[in-house]
Amino acid sequence: MLRLLAALNLALLVLFPLAWTAPLMRAGLLPLFGLEEISVLSGLAALWQGGEVALALLVALFALVAPMAKTVALALVHLSKAPLGLLPAVQVLGKLAMADVFLIAVYVTLAKGMAVGRVETAWGLWLFTACVLASLGVAVATAHLAKRGALR
């Protein structure tokens with residue numbers, strides 16, 4: 001079980017960066033014009049270039065730093081390179097990563113409700129959400145193994 005968790009967790013080291021570059025959604029101002037694909041990284045760049053530095057940093061924390069820090073921390077625990085006492089910090093990082101998925105969902109809902117433009121979800125949103133949920137599952141399963149004494 002531990003090997004499976006470790007393998008899934010290590011796969012997230014590749015899948016998270018892929019999800020950051022994948023299109024989360026396609027958005028356009030009017031239905032007649034083409035839709036622009038928006039990824040996590042292009043959204044961050046737009047926020048930064050638009051002068052929304054604080055918001056860009058917050059999104060970077062939620063979307064980039066928290067999930068990757070959590071994945072690395074879990075990998076260290078799985079490889080017995082970090083103490084099990086690190087698991088509570090991993091849970092906090094997981095909550096921060098879930099906040100980003102929530103913010104994206106709110107944005108899509110608000111944009112669709114305004115009826116000025118058009119917003120379509122894209123495969124990258126599903127990939128990013130799956131990565132966050134897989135990471136959550138790995139963390140929960142790891143904590144369960146730790147409680148049972150199956151981890152050192």
### Query
Side-chain contact, heavy-atom cut-off 4.5 Å: M68 with P17?
yes
### Query
Nearest heavy-atom pair of G124 and A22: which atoms, and what distance?
CA-CB, 3.6 Å
### Query
Is there a path from L41 to W48 through hydrophobic residues (I, L, V, M, F, W, Y) whose side chains come within less than 4.5 Å of each other?
no
### Message
Quick check against the 3.5 Å criterion: does K70 have a side-chain atom that pairs as donor or acceptor with the backbone of Q91?
### Response
no
### Task
Identify the heavy atoms of A63 and V40 that sit nearest to each other, and give their distance.
CB-CG1, 3.8 Å
### Summary
Interatomic distance, CG@L64 vs CG@L44, rounded to 0.5 Å, equals 5.5 Å
### hydrophobic_cluster_shared for W20 and L57, side chain cutoff 4.5 Å
no
### Member of L13, L5, L12 meeting the side chain to side chain contact (heavy atoms under 4.5 Å, CB included) criterion with N9
L12
### Query
For the residue pair V77 and P83, what are the closest heavy atoms and their distance?
CG2-O, 3.9 Å
### Query
Do the side chain of T71 and the main chain of P67 share a donor and acceptor less than 3.5 angstrom apart?
yes
### Query
Do W123 and L24 have side chains that get closer than 4.5 Å, going by heavy atoms?
no
### Summary
On a heavy-atom basis, the closest approach of A82 and L86 is CB-CD2, 3.8 Å
### Query
Where do P88 and G85 come nearest, in terms of heavy atoms and distance?
CD-O, 3.1 Å
#### Entry: hydrophobic_cluster_shared for V138 and M1, side chain cutoff 4.5 Å
yes
### Message
Return the CG to CG distance between L79 and L10, rounded to the nearest 0.5 Å.
### Response
6.5 Å
### Query
Taking atom CD of E37 and atom OG of S42, what is their separation to the nearest 0.5 Å?
9.0 Å
### Query
Just by modelled atom types, is the T121 backbone N or O under 3.5 Å from a matching donor or acceptor in the W126 side chain?
no
## Note on the structure
In this structure, OG1 of T21 is separated from CZ of F16 (nearest 0.5 Å) by 13.0 Å
### Query
Roughly how far, to the nearest 0.5 Å, is CG of L87 from NZ of K147?
10.0 Å
### Task
Hey, could you give me the CG/SG distance between L18 and C131, rounded to the nearest 0.5 Å?
7.5 Å
### Query
Side chain of H78, backbone of L74: donor and acceptor closer than 3.5 Å?
yes
### Query
Among the clusters formed by ILVMFWY side chains lying less than 4.5 Å apart, do V53 and L58 turn up in the same one?
no
